[in-house]
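Note sheet for the following structure.
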Amino acid sequence: MKLTIGYLYGDLMNIYGDIGNIIALKKRLEWRGIEVEVRVKSQESRVNKGEIDLYFFGGGQDQQQTLVASDLESSGKGRIIKEEVERGVPLLSICGGYQLLGEYYKPHNSQKLPGVGIFPVYTEASHDRMIGNIVIDSMFNTLVGFENHSGKTYLKKGAIPLGMVKTGFGNNGSDKSEGCIYKNAIGCYMHGSLLPKNPKLADWLLEKALKVKYGKEVKLAVLDDELENKAQQIAVSRFG
Ligand code: GLN
């Protein structure tokens, strides 16, 4: 078996160690003997239906987000990614990437940036800087990460949060929600990077990708996640 991971705007949207999520996904496949290819899909590249089995979209500052929002719309990549998510292709987006997959992102002192419309959410820059360790309760049990954003994301009617904040700010620092999940797509503010310390979520994304690509449930072999789980436990004990 083989999976192709699409690293959206990896040259522009990669802050606070978000590339660690790509590394975690790649290693967790290789450790199981599954072939993996990572393709950076940025301004000059096309995205074709059925080409990518799992999308990753990292964080970025307002300046890069402006460039990327425009390219997502003008190149048609946004529309294709949305259609792929609708058919169940998994996607993980963090912070700036997450913000561009909602209805819109309104940075400071500039026009609203159009979102791809995957998540029923919208984001507006605030004068608060939400920085620090974050711990949430979710369908994946505890998830830990690090957040650094001024954007406040609000869930629209019917939006399902990824989880509820135990420590930290989450979507907006007020309604205790963090992130959003829609079909097999996840958006959240959890840098860190997220997946190395949250192996259950990593494997959930991989199993969804295998199921969509091969049309059957694929149960991944169990890995020795002692270190990963210990890293999460230490983070929770310090911040949770
Ligand atoms: N520019 C966005 C904000 O500050 C996203 C930043 C990020 O990706 N960490 O909210």
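Just follow the structure's listing: the first ligand is 1, and inside any ligand the first atom is 1.
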Here the atoms of ligand 1 under 4.0 Å from any heavy atom belonging to Gln65 are 1 (N), 2 (C), 5 (C)
Where ligand 1 meets Gly96 - atom numbers and elements under 4.0 angstrom, heavy-atom basis: 5 (C), 7 (C), 8 (O)
Quick note on ligand 1: atoms under 4.0 Å from a heavy atom of Ile15 include exactly 7 (C), 8 (O), 9 (N)
Does the Glu103 side chain pair with the main chain of Tyr122, one donor and one acceptor, at a distance under 3.5 Å? no
What residue and heavy atom of the protein are closest to atom 3 (C) of ligand 1, and at what distance? Ser150 N, 3.5 Å
Would you mind checking which non-hydrogen protein atom is closest to atom 10 (O) of ligand 1, with the distance to 0.1 Å? Gly151 N, 2.8 Å
Should Arg87 and Glu83 be marked as a salt bridge (Lys or Arg N to Asp or Glu O under 4.0 Å) after you check the CA-CA gap, both sets of side-chain angles, and the distance that decides it? CA-CA 7 Å; Arg87 72 179 181 92; Glu83 288 170 3; over 6 Å; no
Ligand 1 versus Asn148, non-hydrogen atoms closer than 4.0 Å: side chain, backbone, both, neither? backbone
Hey, is Arg129 touching ligand 1 through its side chain, its backbone, both or neither, going by heavy atoms under 4.0 Å? side chain
Which protein heavy atom lies closest to atom 1 (N) of ligand 1, and at what distance to 0.1 Å? Asp62 OD1, 2.6 Å
What class does the angle between the rings of Tyr98 and Phe119 fall in, given that below 30° is parallel, 30 to 60° is tilted and above 60° is perpendicular? perpendicular
Mind checking whether Phe56 and Tyr7 have parallel, tilted or perpendicular rings, split at 30° and 60°? tilted
Measure from the side-chain N and O atoms of Lys157 to the backbone N and O of Pro120, and report whether any donor-acceptor pair falls under 3.5 Å. no
Derivation and outcome, side-chain contact (heavy atoms from CB on, under 4.5 Å), residues Val218 and Lys211: CA-CA 6 Å; Val218 177; Lys211 180 175 180 187; 5.9 Å; no
Do any nitrogen or oxygen atoms of Gly59 lie less than 3.5 angstrom from nitrogen or oxygen atoms of ligand 1? no
Determine yes or no for a side-chain-to-main-chain donor-acceptor pair under 3.5 angstrom, with His149 supplying the side chain and Arg129 the backbone. no
Answer with yes or no whether the side chains of Tyr104 and Gln111 bring together a donor and an acceptor at under 3.5 Å. no
Say whether His149, considering both its backbone and side-chain N or O atoms, lies within less than 3.5 Å of an N or O atom on ligand 1. no
Per-atom contacts, ligand 1 versus Tyr16 - under 4.0 Å to a heavy atom: 9 (N)
Closest to atom 6 (C) of ligand 1 among protein heavy atoms sits Gly60 O, 3.4 Å
Top protein contact for atom 7 (C) of ligand 1, by heavy-atom distance: Cys95 SG, 2.9 Å
Check: Leu25 and Leu3 side chains under 4.5 Å, non-hydrogen atoms: no
Answer yes or no for Tyr105: is there a heavy-atom contact with ligand 1 below 4.0 Å? yes
Sub-3.5 Å N/O-N/O distance, His191 and ligand 1: yes
Would a distance-only check, ignoring hydrogens and angles, find a side-chain to backbone donor-acceptor pair under 3.5 Å from Asn184 to Gly88? yes
